[in-house]
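For reference, the structure is listed below as structure tokens.
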Amino acid sequence: MPRSIWKGSMQFGMVNIPVALYVATETTSKVSFNLLCPDHKSRIKNKRWYPVGEHEVASTVKGFEYEKGQYVIFDEDDLEKLPLKSSRAIEIAGFIKESELPGELYYQNAYYLEPDKAASKPYALLKKTMEKTGRVAIAKFALRERERLVSLHPLDSTLVLNTLHWPDEIRSTEELNVPEDVKVSPAEIKMAESLVEMMAMEFDPSEFRDEYKEAVDKIVDAKVKGREDLVEAPEQEAETTVVDLMSALKASVEKAKKGEAARGRESRGGHESLAGKKTTAREKSARKKAS
């Protein structure tokens, strides 16, 4: 486990729980390109440049612009002395039902909360109580020069903290040209439901991989070997012309059925029948080994 990025306390009513915060995710397969000089094919450097004095700046200080061109200088001591309770503690404001939190818009980053050894019992009490009540904690605390709105969820043996967008950061949908009075027939809904059931799956993240990185690796390997001719973009699947929505749905259902039969229900998300039990990735793997 890497080093914690923040240490403080979590306030649960009058109960104080010392905790440490750890980043819960990491990027392991990100494709990264470097900027090179087009003539010499070597990396360039970005310099901090002061345009008025026309010279490079080796180090910088933090400044808050209170008027145009006028700044107040902040140092680390100033930030430590912020008159803000949330700079020292994760203050739980209350508990809500998970359904009340529109995570599709609000969720940002995920962190693990680790209790201090002396705080194991109140930490466990809070986690078990949240599990039993099905509630999510909403809190505020300051991290990296910003006060954050956050949620806390129990997950396995730990608590997960998710930073959330503030309400004023969520853009309105009013300017989108999305019609609201579209009529859909019961037959179209029934056919679409059939397609959804055909594509039903058990979510297993391990079944998905970063194919973009694999594709870039193939081109890198080909360029190094001087055999770029061996790499070709896949042909686009020919589009089937359909005259209406119902025809498109029917064609999609038929295609899904043929795909299930061709794969022998061994691909990700396949299942035995529309009414049958969905097959998990582990079950499929076990069946494959047994055969």
Side-chain angles (χ1 to χ4, degrees), residues 1-28 30 59-66 71-172 205:
M1 177 66 71
R3 294 176 60 184
S4 63
I5 63 169
W6 181 90
K7 286 188 177 182
S9 63
M10 183 166 50
Q11 301 291 339
F12 172 38
M14 298 298 291
V15 179
N16 181 67
I17 310 173
V19 291
L21 193 72
Y22 295 86
V23 176
T25 61
E26 62 182 349
T27 301
T28 58
K30 182 179 178 181
S59 61
T60 60
V61 295
K62 292 183 175 71
F64 182 87
E65 188 176 29
Y66 65 94
Y71 299 89
V72 170
I73 305 303
F74 273 75
D75 58 27
E76 294 304 319
D77 289 338
D78 294 322
L79 296 175
E80 287 291 328
K81 293 184 294 185
L82 282 176
L84 189 68
K85 291 182 179 179
S86 61
S87 63
R88 298 289 182 180
I90 301 171
E91 291 193 322
I92 296 178
F95 297 86
I96 64 171
K97 295 178 180 178
E98 189 162 10
S99 59
E100 295 175 320
L101 178 62
E104 303 88 349
L105 290 173
Y106 279 83
Y107 284 132
Q108 290 183 316
N109 299 319
Y111 301 87
Y112 293 131
L113 281 172
E114 178 188 68
D116 185 82
K117 290 183 178 180
S120 296
K121 186 170 183 178
Y123 181 93
L125 173 63
L126 175 60
K127 185 183 75 69
K128 291 180 183 297
T129 303
M130 291 173 67
E131 288 174 339
K132 186 172 182 179
T133 59
R135 295 276 177 170
V136 174
I138 299 296
K140 292 196 308 179
F141 91 114
L143 175 68
R144 293 171 177 165
E145 300 174 15
R146 284 187 61 191
E147 187 172 49
R148 312 278 178 156
L149 181 66
V150 302
S151 65
L152 293 101
H153 298 73
L155 178 67
D156 298 330
S157 61
T158 188
L159 287 174
V160 172
L161 180 149
N162 288 99
T163 53
L164 308 175
H165 287 289
W166 291 99
D168 61 359
E169 294 176 330
I170 306 297
R171 292 180 174 176
S172 171

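This one's a predicted model, so the numbers in the text were calculated from it and none came from an experiment.
A side-chain donor from one of N16 and Q11 sits under 3.5 Å from a side-chain acceptor of the other.
Scored by the side chain to side chain contact (heavy atoms under 4.5 Å, CB included) test, K121 finds no partners at all (sequence neighbours excluded). Partners of K7 according to the side chain to side chain contact (heavy atoms under 4.5 Å, CB included) rule, which considers only residues two or more places apart in sequence or in another chain, are S4, A20.
Residue F64 places its CZ atom among 12 or fewer non-hydrogen atoms of other residues, nucleotides or ligands, all under 6.0 Å distant. Crowding of E98 atom CD: a count of heavy atoms from other residues, nucleotides or ligands under 6.0 Å not exceeding 12.
Considering only heavy atoms from C-beta on, H153 stays 4.5 Å or farther from M130 through its side chain. Here the side chains of V160 and L152 are not in contact, with every heavy-atom distance at 4.5 Å or above. Counting only heavy atoms from C-beta outward, the side chains of L21 and Y112 never approach each other to under 4.5 Å. Between V15 and L125 the shortest side-chain heavy-atom distance does not fall below 4.5 Å.
A donor-acceptor contact shorter than 3.5 Å links the side chain of T163 to the backbone of N109. Looking at R148, its side chain does come within 3.5 Å of a backbone N or O of L143 through a donor-acceptor pair. Side-chain atoms of T158 do not come within 3.5 Å of backbone N or O of L155 as any donor-acceptor pair.
Taking every heavy atom of both residues into account, W166 and E147 meet most closely at NE1-O, 3.2 Å. Of all non-hydrogen atoms in A119 and I17, the two that sit nearest each other are CB-CG2, 3.8 Å. Of all heavy-atom pairs spanning H165 and L105, the tightest one is CD2-O, 3.1 Å. For the residue pair D156 and E131, the shortest heavy atom distance occurs at O-OE2, 3.8 Å. Closest approach of Y123 to V19, counting heavy atoms only: CD1-CG1, 4.4 Å.
One finds the CD atom of Q108 at 9.0 Å from the CG atom of L149 (value rounded to the nearest 0.5 Å). Note that OH of Y71 is 11.0 Å distant from OH of Y66, once rounded to the nearest 0.5 Å. Here the OH atom belonging to Y111 is positioned 8.0 Å from the CG atom belonging to L161, to the nearest 0.5 angstrom. The line from CG of L164 to OH of Y107 is 7.0 Å long, rounded to the nearest 0.5 Å.
Between F141 and W6, the distance from one ring center to the other falls under 6.0 angstrom.
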